[in-house]
Amino acid sequence: MAKYDFKQIEEKWQNYWLEHKSFEVKEDKPNKYFALVEFPGPTAKGIHLGNARCYISPEVNARYKRFKGYNVMQPIGWDAFGLPTENYALKMGVDPRVSTANNIERFKNQFIKLGGSYDWSREIDTTDPDYYKWTQFIFLKLYEKGLAYRSKAVVNFCPKCKSTLSNEDSQGGVCDRCGSTVEQKTRDVWFLKITAYADRMLELLDKVDYPESVKVAQRNWIGKSEGAQVTFKVENTDDILSVFTTRIDTIFGVAYLAIAPEHPYIQKYKSSIKNFDEIANYIATVKNKTAFERVQVNKDKSGVKIDGLYAINPANNKRVPIYVADYVVMNYGTGAVMAVPAHDERDYEFAKKHNIEFIPVLQADVSENAFVDDAPHINSEQFNGLNIAEAKAQILKYLQEKNCAKTQVNYKMQDWAFNRQRYWGEPFPIIHCPHCGTVPLKYEDLPLKLPIVNDYKPNDNGDSPLSRASEWVNVKCPKCGCDAKREVDIMPNWAGSSWYWLRYMDPHNNNELASKEKMEYWNSVDLYAGGFEHVTRHMIYAQFWHLFLYDIGIVPFEIPFAKRVCCGLLLASDGSKMSKSKGNSVDPIDLIDKYGADTLRVFMVFLGDYTKSAVWSDTGINGASRFLDRVWNLKDLLTDEETYSPENEVLINKTIKSVTHDYDEFTLNTIVSTLMEFVNKVYDNKKITRKEFKDFLIMLNPIAPHITSELFENTFGTQILDEKFPTFDENKCIDNQIELPVQVNGKLKGVITVSRDSEQSVVEQALKTQLPQFADLQIKKIVYVKNRILNIIV
RNA sequence: GCCGAGAUGGCGAAAUUGGCAGACGCAGUAGACUCAAAAUCUGCCGGGAGCAAUCCCAUGAGGGUUCGAGUCCCUCUCUCGGCACCA
């Protein structure tokens with residue numbers, strides 16, 4: 001069997017598509033389809049096999065949608081700011097501008113080699129001043145609306161990257177980039193008020209087609225909790241101590257209050273606290289624990305009783321001791337909790353450890369464990385007998401009337417710490433003036449370009465490298481004209497990706513981030529593919545910025561991403577994560593050189609469900625390679641007929657039906673199986689008509705675009721991209737003779753051949769002639785489902 | 001601990017509505033071609049019993065519904081992913 005020369009053919013078609021601008025689109029047709037994949041951060045290593053997998057299936061989908069008549073925009077670009085590029089540049093001693101340009105060049109070639117049908121006229125690069133001008137523009141808008149603010153705060157700090165991190169960047173207490181354990185440091189921080197959009201983002205989730213796992217992860221990340229803020233009087237003072245609780249119904253069971261080690265009252269009441277030294281000691285040990293350790297020790301409920309400070313329970317005026325305990329965190333709620341050991345597992349552990357007496361306020365046994373389910377209330381005066389919901393409502397009302405409670409909603413998500421003390425990012429369009437304070441640049445002064453500096457290493461005290469670019473830093477205040485300094489921190493690497501899909505719509509616009517008309521045309525992204533690791537990072541930020549831009553009238557539509565799919569991980573053949581250092585990684589470009597891009601695409605798609613993790617196999621790709629050789633040699637079996645042959649009519653209709661369904665459902669692996677079956681049958685029949693061949697090539701083209709383009713051109717003399725996807729006739733998908741399984745008592749015993757839609761009497765007659773041994777049994781009952789099954793009960 | 005997804009041959013998987021479990025591949029194996037090898041082609045390929053026709057077992061485990069369950073219901077086990085002292 002002849003092998004096809006994939007090297008020459010693939011290069012030919014890749015050049016053809018570039019020269020003919022085959023995938024460049026304009027806003028000039030109805031039926032738009034916006035296909036988006038997360039744009040890559042171009043690293044020096046080039047794309048790895050896992051990336052390739054993530055890009056291939058959405059790429060196949062985009063090619064399919066074009067055949068179905070959609071005006072498909074599939075753009076690509078480069079998320080090129082950020083630490084990986086900067087660290088690489090530092091290591092190699094080159095300017096990050098140079099390494100970024102080289103990396104982009106490499107990535108672009110690799111995307112072309114994969115056979116990507118991208119609209120190269122829309123290529124974007126987040127490090128291009130013409131691009132980040134608009135990132136800075138959005139920041140100024142946020143600042144203008146009070147959603148960007150600077151404050152001294154305790155934030156996550158990575159000691160290795162020497163930079164502030166957001167909560168999203170330090171999930172699990174480790175730096176997202178380098179894996180170092182993050183520290184807590186007090187610094188000047190630019191915050192974006194993402195919490196103002198928490199409810200809007202939750203509402204957005206009800207309007208989009210995301211996988212349930214993504215919605216759940218985002219809801220958990222936002223962490224909305226509805227409860228009440230209750231105020232306890234501090235005994236012998238006029239002061240109050242506020243706590244947040246979701247279980248106000250248990251207030252009669254409060255055994256103590258617990259406050260965070262960082263709580264301001266510890267310093268405020270220093271003089272009244274008799275054991276202040278002991279408490280200061282405890283706080284010091286807590287501060288020595290990293291955030292990670294504080295999580296690790298969650299079994300051991302440490303804490304110290306504050307001697308000399310008591311609170312008064314507003315429900316029953318009882319005196320309540322106050323503890324400092326590190327299981328209470330300062331950055332959630334009020335930094336203080338009312339502890340009800342009988343009905344909260346953490347409070348229960350703490351009370352047992354510190355021998356604190358408590359009473360149950362729900363009818364239940366609390367001798368071994370806290371009781372957290374529903375039951376009638378007890379020990380709660382006039383609220384006895386009520387269930388949780390009733391007691392919550394009535395006790396809240398009762399305390400509201402006494403003016404010591406109000407409803408309160410809290411979120412786990414916190415404002416986005418937005419500045420980094422590094423070099424390779426967008427400078428803030430902000431000047432600090434000793435007289436005027438924080439002064440924003442004027443819009444017409446954007447972009448504020450990142451200055452070229454000789455030394456951009458981060459330094460140990462965490463000052464930004466830009467602080468050393470004195471010519472750039474020292475400026476006159478735009479308001480009062482006196483000496484002032486620029487903000488020297490930069491934006492995080494998530495800034496540029498928080499709005500990039502909008503720029504694809506109108507990438508060369510110098511007056512707006514994108515024109516209204518084009519944004520109205522392209523509207524929501526129809527399918528957004530990317531990794532699951534981004535759903536509580538990039539996507540949260542992107543949704544926030546989009547809703548903000550929608551609210552201020554810059555973007556004319558509310559939903560950024562109508563549908564999301566997440567690519568599963570690709571594991572090495574030993575089941576572990578692929579990595580260069582382990583030596584178990586495979587370079588997709590090596591595979592393309594050896595087997596061709598079409599073979600890699602067929603195999604990647606054939607591997608299984610896009611959204612599930614998959615294990616790489618070195619030999620599996622042989623199957624894809626053999627299949628394409630067989631496809632190449634189909635031309636030897638071609639007949640002159642321009643119609644379906646009668647014997648293949650059902651086969652081809654069934655194939656088109658199945659393949660269309662699977663493309664629409666984005667279950668691409670079964671398309672390859674179906675097309676393999678088709679090819680196997682053609683080889684059995686030793687012939688294929690021109691019409692059948694044409695339909696087959698179009699069906700395979702999205703997955704294997706080069707070989708099918710070549711065969712199509714050679715056979716039909718025209719371009720496959722000008723074709724429409726073949727359609728099927730439902731009536732011709734059905735065989736007239738069917739093989740009907742025959743069961744006895746539900747177990748398969750044989751098969752009879754009958755005409756489609758046969759009545760039961762006909763089938764029974766067929767049974768008698770074809771399988772007489774089953775017709776003579778002591779038949780109790782016959783279950784016959786037309787075209788499905790005949791089950792004889794004896 | 002909570003939430004989510006999942007468990008089908010040696011491996012990747014398929015089974016669209018509850019209706020022939022294992023399609024389609026990989027790997028393996030026997031044969032054809034060849035001086036030989038590779039490539040290609042043909043056959044076999046879940047387990048057990050049997051000369052055989054055939055029979056029995058089998059979709060993580062156990063129960064249930066049903067004429068019929070990989071698919072629906074209940075209980076349990078394990079794997080992966082996310083969150084985690086959030087009051």
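Numbered from 1 within each chain, the chains take letters A, B, ... in sequence-line order.
- In this structure, A/R564 forms a cation-pi arrangement with A/Y528, its terminal cationic atom sitting closer than 6.0 Å to the ring centre and no more than 45° off the ring axis.
- A heavy atom closer than 4.0 Å to some atom of RNA chain B occurs in A/T619, A/G620, A/N622, A/G623, these being the qualifying members of residues 614-623 of chain A.
- A/D206 is linked by a salt bridge (charged side-chain N to carboxylate O under 4.0 Å, His left out) to A/R219, counting only residues two or more places apart in sequence or in another chain.
- For A/N622, there are no side chain to side chain donor-acceptor pair (under 3.5 Å) partners at least two apart in sequence or on another chain.
- Backbone-only contact: A/V216 has heavy atoms under 4.0 Å from sugar-phosphate atoms and none from a base.
- Residues passing the side chain to side chain donor-acceptor pair (under 3.5 Å) test with A/D209 are A/K563, sequence neighbours excluded.
- Between the side chains of A/E168 and A/W221, at least one donor N or O sits under 3.5 Å from an acceptor N or O.
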Dot-bracket line, read 5' to 3' along RNA chain B, where crossing pairs take [ ] and | marks a partner on another strand, Watson-Crick or G-U under 3.5 Å: (((((((..(((......[....))).(((((.......))))).((((....))))..(((((..]....))))))))))))....
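- For A/W616, the ring pair (Phe, Tyr, Trp, His ring centres under 6.0 Å) partners are A/F603, not counting sequence neighbours.
- For residues 662-679 of chain A, no residue pair satisfies the salt bridge (Lys or Arg N to Asp or Glu O under 4.0 Å) rule, not counting sequence neighbours.
- The phosphate of B/C26 has OP1 or OP2 within less than 4.0 Å of a side-chain N or O from A/R626.
- The NZ-C1' distance, from A/K657 to B/U17, rounds to 12 Å in whole Å.
- Every residue two or more places apart in sequence or in another chain that forms a salt bridge (charged side-chain N to carboxylate O under 4.0 Å, His left out) with A/D169 is listed here: A/R420.
- A/Y197 is linked by a ring pair (Phe, Tyr, Trp, His ring centres under 6.0 Å) to A/F544, counting only residues two or more places apart in sequence or in another chain.
- With sequence neighbours left out, the side chain to side chain donor-acceptor pair (under 3.5 Å) criterion links A/K654 to A/D735.
- Going from atom NZ of A/K654 over to atom P of B/A23 covers 16 Å, rounded to whole Å.
- Within residues 670-682 of chain A, the residues having any heavy atom under 4.0 Å from RNA chain B are, by residue number, A/T670, A/S673, A/M676, A/E677, A/N680.
- Between the side chain of A/N791 and the base of B/C67, a donor-acceptor pair under 3.5 Å is found.
- Listed by chain and number, the residues in a salt bridge (charged side-chain N to carboxylate O under 4.0 Å, His left out) with A/K687 are A/E641, A/E647 (sequence neighbours excluded).
- Side-chain to base pairing of A/K301 with B/C85: one donor and one acceptor N or O lie within less than 3.5 Å of each other.
- Among the protein residues, A/N669 comes within range of the sugar-phosphate backbone only, with heavy atoms under 4.0 Å from sugar or phosphate atoms but none that close to a base.
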